[in-house]
Amino acid sequence: MNQIIRQKIAVMMGFIKMRLKNLRAITYNIKNNGEGNRDRDLNYLKNHLFYDITFYFILLGPILFFYGAYLFYEEGKYVVSVMEFLLYFVSVFVLLNHKINLRIKKLFFLLTGYFASVLVLIVAGPMGAGMVCVTVVLVLSGSLLDKKWVLKFIAFNLFAFLVITVLLFSGFFNEFAIADYGSRWPIVAISSQILGIGLLFVIQIIYEGLEKQAKIIIRSQKSLEASEQKYRYLSYHDHLTGLYNRLFWEEEQKRIDINEQLPISIIIGDINGIKLMNDAFGHEAGDRMIIETSRIMKNSCQKGEIVARTGGDEFSILMPKTSREAALIQMEEIKQSFAEHNRRILNEAFHINVALGSGTKEEPHGDLKETIKRAELYMNQRKLLEQRSSHSAIIASIKATMYEKSHETEEHSERLAALSRMIGQALNLSQIELDNLELLATLHDIGKVGIDDRILAKPGKLTEKEWIEMKKHPEIGYRIACASPELVSIAEYILCHHEHWDGSGYPKGLVGEEIPLLSRIIAITDAYDAMTENRIYQKATNCQNALAEIQKNAGSQFDPDIVSLFVGIMQKNPVCEEIFSINR
């Protein structure tokens, strides 16, 4: 029998728990109707508090309201009893109605609580329960409402107590327990109001502090999120082009290298002559070429393909679900895009020449790294075939730019080559040395492409700062020559063609025979032709005066032995005098 009773009690308790759980779910589901603010701020805190109070109000309300209604009924106040009984059901209806605005629900809830507190105050009288209930409702208003509505609720509360006071002293409440307050009412009413409103403002101050703290936290979170996003972006993107970087490229290989993505194709491209471009026209020009290359490569990619800058001048495209044939077609389209770009650029030095190679992994057991190696091998083969012509085009363009910027002419280079060759032959130089001497005569000032036009074209004397800038051109020329297979043999001669025999030259301050022989020859012939030609900064002099000036500087600026040889050649060969007098 006892076991049956325990089972019945267990079933009943389970039913009650289930109903309570459902009731809690119903009140919390109000949040999902768009009225609850899920942001972690003060509004969320107030709304969450309201939902909790709503739940316990619905759960415990029947005990309070029904008991109060019963007491009124016992005292014969049937209307008040019915009003309190109905008030609970109306409150539940309003609180659980999804169509009613959340602010209205809060106001209705507080007004209902206030009305019930006033009823308790009138009925209970000096017992104090009514005053406590009114104070609690005031505190709740500060906890649930916005500041603007809190002030309105305080005003309503003060007005209600004023009306109660007037009615109390007029004898309207003589039949109720509140009349027992008598002359003490003003003191009790004022003290309870001060307590309730004071607590209300304390809560408001706490909320304002929480709100400020919440804003600080939100700003910190946003700043942290922005920093994380920036760090994540910088971790996986190239800072110059905005493309993915090598780290991302390598991680994506692992993600894509699965059977479902086969066939997987790779295209690798490498810019020809980018170092030569950097040395000739500066890194800004090289960067512009890299950025333009990245734009063309990216625009040539299809959706789902990944293009990355995997090296200084190297770009790679990872193409899942792309056959060998499709990859080759796409590679040709990329070449056409570069060709179209180059047609719009008049200066060939700024044409973009990219060697491309491709590879495809078609079988599940294949190795993607081997596919990448095959693409690189093919690309390097193309680079060997294309680089010489690419460098030649860049060198030709640099040479043209040098003539334009330095106001020197091709005729000057030809005369310089002829003069230098005469000295070289007199010194019994080999054919290779003579060829290098001729190339040096043509390109010894190639570094001037990196000097400011205003300095090169200045008619007067250079300032100290301008002269320091001008003296950089041998080093610039050296870097350009080192970057080109065609010029690497004369790189050292270009670097040293402004060194002086006594060590007063630049950039290294070499002395005597430390200066390469070809550089010493060019120094003399260049000085002679410069003096016998009209320049921006000076008028031409005759052959005799030019030779005298060179002899004057023998042993200081020039190699004395070569000066003697050169002067002897010029004095003994009247034909040379006639040749070099042309166009003077």
Side-chain angles (χ1 to χ4, degrees), residues 229-258 260-275 277-278 286-342 344-345 350-362 366-383 386 390:
Q229 289 177 357
K230 183 178 180 181
Y231 176 76
R232 195 179 301 113
Y233 181 87
L234 293 175
S235 297
Y236 288 122
H237 288 78
D238 173 55
H239 71 282
L240 179 63
T241 63
L243 296 180
Y244 291 116
N245 58 18
R246 189 171 193 88
L247 176 62
F248 184 84
W249 159 263
E250 290 176 350
E251 290 188 3
E252 283 299 288
Q253 289 177 37
K254 301 173 186 176
R255 184 183 68 84
I256 289 178
D257 191 11
I258 56 177
E260 289 76 8
Q261 299 289 352
L262 292 175
I264 302 171
S265 291
I266 306 287
I267 292 179
I268 296 179
D270 193 279
I271 307 174
N272 293 322
I274 193 68
K275 187 177 186 305
M277 174 64 63
N278 286 334
D287 287 348
R288 285 195 298 270
M289 182 174 285
I290 290 171
I291 292 169
E292 192 62 27
T293 301
S294 71
R295 184 190 66 80
I296 294 171
M297 295 284 280
K298 186 175 181 179
N299 290 342
S300 301
C301 287
Q302 309 297 323
K303 185 177 180 181
E305 297 177 351
I306 297 165
V307 58
R309 184 186 178 197
T310 49
D313 53 1
E314 182 180 282
F315 298 84
S316 304
I317 304 175
L318 185 60
M319 301 180 292
K321 297 181 180 179
T322 305
S323 66
R324 185 189 306 274
E325 293 74 17
L328 291 173
I329 292 172
Q330 187 163 332
M331 192 165 67
E332 289 301 319
E333 290 174 353
I334 293 172
K335 290 179 181 179
Q336 289 300 317
S337 297
F338 281 115
E340 290 174 9
H341 167 79
N342 291 339
R344 296 192 295 269
I345 306 299
F350 295 95
H351 284 188
I352 301 176
N353 296 283
V354 178
L356 297 170
S358 69
T360 303
K361 176 185 173 180
E362 297 175 313
D367 188 349
L368 188 60
K369 292 189 180 300
E370 289 299 321
T371 302
I372 295 172
K373 287 181 180 179
R374 285 198 302 273
E376 288 177 341
L377 178 62
Y378 182 74
M379 181 269 292
N380 288 328
Q381 289 174 345
R382 296 303 308 167
K383 194 173 185 68
E386 297 171 2
S390 172

**Asked** Heavy-atom distance under 4.5 Å between the side chains of Thr371 and Ile264, does that happen here?
**Response** no

**Request:** Using atom types as modelled and distance alone, determine if a side-chain donor or acceptor of Arg374 lies under 3.5 Å from a backbone N or O of Thr360.
**Result:** yes

**Request:** For the residue pair Leu247 and Tyr236, establish whether any side-chain heavy-atom pair is separated by less than 4.5 Å.
**Result:** yes

**Request:** Give, for atom CG of Leu328 and atom OG of Ser323, the distance between the pair rounded to the nearest 0.5 Å.
**Result:** 8.5 Å

**Complete:** Taken to the nearest 0.5 Å, the spacing of Ile334 CD1 from Thr293 OG1 works out to 11.5 Å

**Message:** Quick check: closest heavy atoms across Gly359 and Ala375, and the distance to 0.1 Å?
**Reply:** N-CB, 3.7 Å

**Prompt:** If only atom types and distance count, is the side chain of His351 paired as donor or acceptor with the main-chain N or O of Ile345 below 3.5 Å?
**Reply:** yes

**Prompt:** Any donor-acceptor pair under 3.5 Å linking the side chain of Asn245 with the backbone of Ser235?
**Reply:** yes

**Item:** Separation between CE of Met277 and CG of Asn353, rounded to the nearest 0.5 Å
**Value:** 9.5 Å

**Request:** Indicate yes or no: at least one non-hydrogen side-chain atom of Leu377 is less than 4.5 angstrom from one of Lys373.
**Result:** no

**Asked** Do the non-hydrogen side-chain atoms of Arg309 and Leu240 ever get within less than 4.5 Å of each other?
**Response** yes

**Message:** If I compare all heavy atoms of Glu260 with all of Lys321, which pair ends up nearest, and what's the gap?
**Reply:** O-CE, 3.3 Å

**Message:** Using a 3.5 Å distance criterion without hydrogens, assess whether the side chain of Asn342 forms a donor-acceptor pair with backbone atoms of Ile352.
**Reply:** yes

**Asked** Less than 4.0 Å between a side-chain N and a carboxylate O, is that true for Glu252 and Arg255?
**Response** yes

**Asked** Looking at side-chain heavy atoms only, is the closest gap between Met297 and Phe338 below 4.5 Å?
**Response** yes

**Asked** So, for Ser358 and Ile267, which heavy atoms are closest and what is the spacing to 0.1 Å?
**Response** CB-CG1, 4.1 Å

**Request:** May I ask you to check whether over 12 heavy atoms, not counting those of Lys298, lie within 6.0 Å of atom NZ?
**Result:** no

**Message:** To the closest 0.5 Å, what do you measure between CD1 (Ile256) and CE (Met319)?
**Reply:** 11.0 Å

**Request:** Given salt bridge (Lys or Arg N to Asp or Glu O under 4.0 Å), test Glu292 with Arg295 step by step and report yes or no.
**Result:** CA-CA 5 Å; Glu292 192 62 27; Arg295 184 190 66 80; 2.4 Å; yes

**Message:** Could you check whether any side-chain heavy atom of Ile296 comes within less than 4.5 Å of a side-chain heavy atom of Val354, counting everything from C-beta outward?
**Reply:** no

**Prompt:** How many angstroms lie between atom NE2 of His237 and atom NZ of Lys230, to the nearest 0.5 angstrom?
**Reply:** 14.5 Å

**Message:** Show the nearest heavy-atom pair for residues Ser316 and Trp249, with the distance to one decimal.
**Reply:** CB-CH2, 3.4 Å

**Request:** Tell me, please, which residues at least two apart from Tyr378 pass ring pair (Phe, Tyr, Trp, His ring centres under 6.0 Å).
**Result:** none

**Message:** Please enumerate all residues that pass side-chain hydrogen bond (donor to acceptor under 3.5 Å, both in side chains) together with Gln261, with sequence neighbours excluded.
**Reply:** none

**Arg246 bridged to Glu250 by N-O distance under 4.0 Å** = yes

**Message:** Would you compute the distance between atom CD1 of Ile290 and atom CG of Leu243 and round it to the nearest 0.5 angstrom?
**Reply:** 11.0 Å

**Asked** Does any non-hydrogen side-chain atom of Gln302 lie less than 4.5 Å from one of Thr322?
**Response** no

**Request:** Compare every heavy atom of Ile274 with every heavy atom of Gly286, then report the nearest pair and how far apart it is.
**Result:** O-CD1, 3.6 Å

**Asked** Is the side chain of Glu314 donor-acceptor paired with the backbone N or O of Ile268 at a distance under 3.5 Å, no angle test?
**Response** no

**Request:** Determine, for Glu332 against Lys335, whether the closest basic-nitrogen to carboxylate-oxygen distance falls under 4.0 angstrom.
**Result:** yes

